[in-house]
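Throughout, protein chains are lettered first and strands after them, A, B, ... in sequence-line order, and every chain is numbered starting at 1. We use all heavy atoms of the structure for the numbers below, so side chains are in, but hydrogens, waters and symmetry mates are not.
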Amino acid sequence: MAEARPAPTETPTAPTDEPPLSDVLSAYRMMVVARVMDERCLTLQRQGRIGFYVPLQGQEAAQVACGWALNDEDWIFPAYREMGIALARGIPLALLMNQFFGNSGDELKGRQMPNHYGFRRFRFVTASSPVGTQISHAVGAAMAARMRKDPIVTVSFFGDGTTSSNDFHAGLNFAGVFQAPTIFFCQNNQWAISLPREKQTRSATLAEKALAYGFPGVVVDGMDFRAVYRAVAEARARAIAGDGPTLIEAQVYRLGPHSTSDDPRRYRSDAELAEWKEKDPVARLKHELRASEALTEENDQAIWEAAKQEVARAVEAAEKLPAVDPLTLFDDVYATRTPALERQREELARELAGAAGTSP
Amino acid sequence: MAEARPAPTETPTAPTDEPPLSDVLSAYRMMVVARVMDERCLTLQRQGRIGFYVPLQGQEAAQVACGWALNDEDWIFPAYREMGIALARGIPLALLMNQFFGNSGDELKGRQMPNHYGFRRFRFVTASSPVGTQISHAVGAAMAARMRKDPIVTVSFFGDGTTSSNDFHAGLNFAGVFQAPTIFFCQNNQWAISLPREKQTRSATLAEKALAYGFPGVVVDGMDFRAVYRAVAEARARAIAGDGPTLIEAQVYRLGPHSTSDDPRRYRSDAELAEWKEKDPVARLKHELRASEALTEENDQAIWEAAKQEVARAVEAAEKLPAVDPLTLFDDVYATRTPALERQREELARELAGAAGTSP
Amino acid sequence: MTELTLVQAVNRGLQQAMHDDGDVILLGEDIGLNGGVFRATDGLQKEFGAERVIDTPLSETGIVGTAIGMALYGLKPVPEIQFQDFIYPAFDQIVSELAKFRYRSGGQYPCHVVIRAPYGGGVKGGLYHSQSAEAYFAHTAGLKVVIPSTPADAKGLLLSSIHDEDPVLFFEPKRIYRAVSGEVPEGDYRVPLGEARIAREGSDLSVFAYGAMVHPALQAAESLAESGPSVEVVDLRTLAPLDEKTVLASVEKTGRAVIVHEAPRFCGYGAELGSLFAEKALFSLKAPVVRVTGFDTPFPYALEHLYLPNAPRILHAIRETMAAG
Amino acid sequence: MTELTLVQAVNRGLQQAMHDDGDVILLGEDIGLNGGVFRATDGLQKEFGAERVIDTPLSETGIVGTAIGMALYGLKPVPEIQFQDFIYPAFDQIVSELAKFRYRSGGQYPCHVVIRAPYGGGVKGGLYHSQSAEAYFAHTAGLKVVIPSTPADAKGLLLSSIHDEDPVLFFEPKRIYRAVSGEVPEGDYRVPLGEARIAREGSDLSVFAYGAMVHPALQAAESLAESGPSVEVVDLRTLAPLDEKTVLASVEKTGRAVIVHEAPRFCGYGAELGSLFAEKALFSLKAPVVRVTGFDTPFPYALEHLYLPNAPRILHAIRETMAAG
Ligand SMILES: Cc1ncc(C[n+]2csc(CCOP(=O)(O)OP(=O)(O)O)c2C)c(N)n1
Ligand SMILES: Cc1ncc(C[n+]2csc(CCOP(=O)(O)OP(=O)(O)O)c2C)c(N)n1
Ligand SMILES: [Mg+2]
Ligand SMILES: [Mg+2]
């Protein structure tokens with residue numbers, strides 16, 4: 001009879017990589033774009049120009065660093081709060097903005113709420129809303145990639161709350177058993193809507209949940225760009241070497257509301273928010289770059305200005321695009337429309353042509 | 001950044017209780033009854049007299065000891081392989097046998113396959129087949145009991161394979177968060193049908209999965225009656241004291257087939273079986289009782305003889321009972337039959353009375 | 001009587017039940033301090049404490065599983081699923097356990113849980129905040145399925161559900177949570193389960209609807225009040241067990257049926273009604289039955305307004321049906 | 001041609017697909033060394049290796065979730081669910097993810113997974129080894145649902161499913177896994193999806209059935225061959241998308257319909273057929289539609305023989321329908 005206890009936290013092994021300084025500067029630029037996008041989209045939603053929005057403020061460093069440490073061929077399985085990753089993959093702002101507007105330029109054909117995008121050519125899988133489901137997808141894709149001998153990893157993104165989901169359990173267990181080349185990137189932003197981290201689960205850290213599945217779990221300061229980069233690079237190297245999966249818990253904070261439908265003042269204190277605002281990852285990286293003299297105050301202002309203009313252009317372009325074609329409603333349910341869908345489509349076409357139609 | 005690792009297994013704290021010797025002798029008697037029942041039921045199934053059977057050989061000590069360490073007011077949430085617990089709760093053989101036959105004496109009204117029984121007055125909840133679902137029920141019942149200030153615990157029973165289920169994850173997580181007075185009693189019998197334990201999950205032990213939920217997990221030799229008794233008594237004391245749940249992994253072995261539908265020779269070796277047969281928990285307890293002179297060879301023979309007679313009587317009685325009343329088919333879907341069920345019932349009644357009926 | 005919105009009526013129903021019966025407890029995601037994402041449980045944790053209004057971890061499996069355990073022990077849990085679209089992780093617990101506990105135990109273990117969930121479209125929620133999943137549950141023997149369309153019914157049916165002995169899936173039309181308001185009786189007001197409501201009497205054609213769809217059905221019927229045929233609107237209220245008597249009486253009277261729901265048509269709840277008419281009212285039918293429903297696609301986002309049935313479509317179906325015989 | 005049982009035909013279908021296409025992989029509980037609890041995958045791990053015939057941990061969520069991931073990457077996974085009754089832990093993955101991936105991504109991510117599961121009663125399996133859950137999936141836009149009734153169709157429909165582009169739920173009538181055998185073509189034999197089969201021609205009445213129920217339907221029809229009405233038996237084979245054309249043509253020809261399935265009646269698959277007739281063939285109907293189905297209860301154990309539709313009940317329904325008009 002033996003009682004298992006978590007081991008005391010350990011200092012990590014030496015980093016496998018350090019990002020070059022020029023890279024860090026580009027990453028900083030990207031974090032600024034994410035921040036500007038975020039502010040702008042919150043405004044667009046308030047103005048009723050887009051229907052909904054999920055901000056990522058506080059999580060920019062974690063996401064961009066993670067994206068930075070990955071290879072373009074790696075597959076991303078995001079949740080709905082992953083604009084930092086999207087930008088790090090090189091997904092153009094225009095594509096994101098069109099998705100937010102659900103217009104005719106939206107590659108998802110206006111099928112989903114804002115933030116639930118995905119772009120196959122960027123190996124960025126289309127997100128859904130039910131939390132956690134992407135986790136086991138990433139495991140399956142990793143197993144498939146290994147079967148095909150593709151030297152890539154898959155990465156799933158999810159929050160602290162999502163560690164309670166069925167797919168967290170199933171996905172991590174399968175990954176352990178099959179030693180899938182995958183990384184579980186958990187952004188612990190301390191809240192799942194109104195539920196604080198400590199009421200989500202009683203484990204001391206989320207990372208230690210990996211023990212239950214027989215592979216390493218690491219905690220990393222998610223406000224620290226370089227620390228996240230190292231953790232991801234190391235996990236990626238392990239996976240590629242055939243040494244299996246890693247769970248990374250990036251400790252961050254959701255500085256904004258859960259979404260534009262949420263009012264965080266109902267459940268958390270201003271003091272807590274203020275405390276975490278001190279750790280703003282964008283400000284922190286700026287400070288580091290300034291300290292190392294890689295960035296001047298003028299450069300920084302130029303970076304912000306450029307970001308604002310880029311975002312403004314994307315909004316303007318998106319607003320000019322026409323609405324999505326109504327008859328696309330019936331596409332992509334199946335590879336080809338069934339006879340019933342053809343009929344329903346004709347019915348709608350008739351209705352739109354003037355005559356009111358019965359549905360199906 | 002810190003990597004969490006399982007702590008080395010520890011020697012347990014001192015036992016809170018030791019069962020008195022007379023108790024151990026009664027427990028031994030019960031284990032013999034379970035063994036005899038098991039053999040007899042396997043035969044009944046081969047002869048086509050009952051439809052199906054799930055044997056428990058190899059798990060008798062773990063179950064009876066667990067039952068022994070509990071209070072009669074505690075609630076049991078069994079899986080389908082728990083006859084040892086059923087006997088330890090004082091459930092009469094006749095009730096079990098009637099359930100196996102699905103006859104008019106079956107308190108479940110012939111609704112379920114053999115082994116999926118339950119008896120409210122024994123606080124032994126009716127089992128289902130989908131694995132794991134009982135785990136979160138036990139957690140909810142424990143929370144309810146605490147609300148009512150009833151000084152009891154609930155215990156869920158499940159196998160090694162079931163640690164992969166959704167409800168294992170949800171149930172243990174809720175129990176940790178709400179500090180539910182419950183015990184998770186996992187009988188690791190090394191196999192989930194044809195899947196060996198090491199392919200079920202990559203964690204070193206199943207017990208250490210408790211860490212992921214912030215409460216203790218203990219490994220115990222499930223072939224050792226006294227060790228199991230101590231582990232359960234300790235877990236029960238913790239729960240009653242308000243110190244929350246415990247996961248107990250009792251390491252046992254499934255000496256028989258998974259069920260009467262299974263042929264274990266397809267997936268495991270005779271050598272492995274032979275090795276574990278050496279550790280037969282019934283033989284082991286007999287040996288201990290003989291060594292301590294609590295049992296003589298004649299007493300032992302009398303115990304086996306009595307068990308055989310008791311089982312034979314139960315079979316005989318069950319076979320004499322008439323079949324279950326066909327019209328009970330429509331009861332207990334709801335508290336009262338709906339109009340549609342009334343109609344369907346009348347239809348069946350007419351059909352049984354001679355005229356063929358259409359169903360619904 | 002007080003004038004309340006539908007979501008307020010739900011809130012008052014819960015409050016009443018908790019006040020009258022200490023065994024009633026609520027559990028779910030964000031229902032405590034936050035009062036639920038739609039505020040259906042607003043103020044209840046403050047009033048009844050965190051032991052009876054429980055914020056749970058993010059697991060519908062766990063929410064329903066623990067609720068079942070509580071019910072087995074004798075409490076009356078009323079779990080909330082934040083959106084009906086997120087009920088699927090609990091599907092096994094609902095279909096395998098909740099629905100079958102009483103039956104499989106030979107009546108020893110009733111299992112009375114009332115699962116509340118907002119359902120349906122009209123809030124620009126896209127695929128995962130708009131679904132109408134009632135047919136899955138209506139097809140599951142052992143469950144009752146209830147959907148109110150007015151504030152008074154929301155309170156009255158909810159209280160009846162909580163005081164029922166069987167498991168109830170109580171689906172709330174989120175689209176009209178605030179868009180519809182009306183007089184709601186005070187106190188322990190109950191509307192019996194299993195009884196449809198004639199929302200509007202008529203003699204030429206019957207429209208069958210439930211939840212949010214009752215309102216466009218009424219609109220369509222009203223728009224014909226002067227000139228057109230006389231349209232009856234039947235609000236089903238309890239989908240399972242169905243009030244066959246009221247439904248059949250209506251179609252036998254009018255001889256024409258239009259069925260409305262938001263869910264996709266194929267194998268949707270409307271199929272049961274149409275089939276019932278073909279079985280038990282065939283010779284009363286003067287015209288083919290018509291279903292006005294969501295399309296056989298997942299629920300869209302940008303084109304939601306084209307997906308959902310509305311008064312013009314119902315009107316069109318009424319006219320077609322009148323013309324057909 | 002070889003004489004095979006239905007389960008052997010499934011096995012040969014899988015073998016053929018794996019042989020012809022290296023992207024086809026199997027995963028599930030006990031499917032490897034053990035060959036599946038019904039031996040549907042017998043010998044396949046030996047032939048194709050443990051990387052392509054994968055024994056998984058006990059989690060249907062994980063089985064379907066990882067299969068979806070594999071499909072997104074480009075493989076053609078064919079997961080097995082040991083009994084259809086255990087598909088519910090995967091319900092969220094099936095309904096929220098598998099069914100909607102192509103749609104929600106605007107066509108970027110097709111997600112082609114074929115989920116195999118034995119379904120139905122007749123094996124004394126009680127509540128949890130006997131269910132017929134087809135209606136849940138048929139109601140879910142984005143999924144195809146296929147159920148064979150003969151060994152040749154089992155192989156031919158399975159191969160078509162595996163080479164289709166959409167997700168398919170392939171349900172196998174376990175009751176006739178061994179009870180039915182027949183000639184099965186060798187090689188890459190395919191039976192197209194979406195086409196019902198006239199299992200027996202007739203002119204007075206149409207019986208609609210699928211899976212194991214096709215056989216008692218045929219028996220009932222045959223028993224009337226000499227004296228009684230001429231009965232057509234339509235084997236649906238693909239439940240979704242339904243072959244409306246064949247089904248409507250049959251009922252328009254005969255004017256009478258009896259629908260048979262094992263699942264409970266209420267909101268079962270038969271409801272869609274009955275409703276379809278009330279909508280699109282009303283004026284052809286000479287008699288009320290009758291459904292011969294399981295009762296509206298959970299599936300029983302000791303009384304299973306009374307629960308399941310059988311030839312005498314179908315015969316009775318045929319006679320009643322003939323008498324009614
Ligand atoms: C299965 C499911 N249940 C409930 C929800 C509603 N919901 C959306 S986000 C969320 C909280 C998620 O928290 P976390 O995983 O920490 O991610 P975060 O939003 O903090 O990034 C909840 C409960 C959902 N999307 N899916
Ligand atoms: C959800 C679900 N999936 C599959 C099955 C089929 N099945 C029955 S028992 C079993 C193995 C269970 O193994 P374990 O938990 O170790 O318990 P044991 O049978 O060894 O006591 C499986 C896969 C099931 N009952 N439920
Ligand atoms: Mg969070
Ligand atoms: Mg086991």
Inset, instruction - Could you grab the distance from atom NZ of D:K286 to atom CG of C:L282, nearest 0.5 Å is fine? - result: 12.5 Å
Legend entry - Where C:R104 and D:L127 come nearest, the two heavy atoms and their spacing: CB-CD2, 3.8 Å
Legend entry - Closest-packed option against chain D by number of heavy-atom pairs under 4.5 Å, given C:A271, C:P89, C:A278: C:A271
Inset, instruction - Report the option among D:G274, D:A240, D:P241, D:G142 that has the most heavy-atom pairs separated by less than 4.5 Å from atoms of chain C. - result: D:G274
Legend entry - Heavy-atom closest contact (D:H139 atom, C:S132 atom, distance): NE2-O, 4.5 Å
Legend entry - Nearest-0.5 Å distance, OH of residue C:Y269 to OG of residue D:S275: 12.0 Å
Legend entry - Nearest atoms (heavy-atom pairs only) where D:E272 meets C:G268: OE1-N, 4.4 Å
Legend entry - Which atoms of D:A324 approach chain C - backbone, side chain, both or neither, heavy atom under 4.5 Å: backbone
Inset, instruction - Specify the closest pair of heavy atoms between C:A141 and D:P298, including all atoms of both residues, with the distance to one decimal. - result: CB-N, 3.9 Å
Inset, instruction - Let me know if D:Q131 has heavy atoms under 4.5 Å from chain C in its side chain, its backbone, both or neither. - result: side chain
Inset, instruction - Using non-hydrogen atoms and a 4.5 Å limit, figure out which bit of D:Y103 sits close to chain C: side chain, backbone, both or neither. - result: side chain
Legend entry - D:R265 versus C:E279, closest heavy-atom pair with distance: NH1-OE1, 3.8 Å
Inset, instruction - Can you tell which part of C:E244 gets under 4.5 Å to a heavy atom of chain D, answering side chain, backbone, both or neither? - result: side chain
Legend entry - Closest non-hydrogen atom pair between C:Y128 and D:S96, with its separation: OH-O, 2.5 Å
Legend entry - D:A287 portion near chain C, given a 4.5 angstrom heavy-atom threshold: backbone
Inset, instruction - Apply side chain to side chain contact (heavy atoms under 4.5 Å, CB included) to C:V95 and D:F91, showing your working. - result: CA-CA 11 Å; C:V95 164; D:F91 204 75; over 6 Å; no
Legend entry - Heavy-atom contact with chain C under 4.5 Å, split by part of D:L239: backbone
Legend entry - Nearest-0.5 Å distance, SG of residue D:C267 to OH of residue C:Y136: 12.5 Å
Inset, instruction - Sort D:T140 into side chain, backbone, both or neither according to what part of it lies under 4.5 angstrom from a heavy atom of chain C. - result: both
Inset, instruction - Tell me, for D:F86 versus chain C, whether the close heavy atoms (under 4.5 Å) come from the side chain, the backbone, both or neither. - result: neither
Legend entry - Partner chain C: residue of D:G325, D:A99, D:P264, D:G126 with the largest heavy-atom pair count (under 4.5 Å): D:P264
Inset, instruction - Under 4.5 Å heavy-atom distance to chain C, tell me which part of D:Y301 shows up: side chain, backbone, both or neither. - result: neither
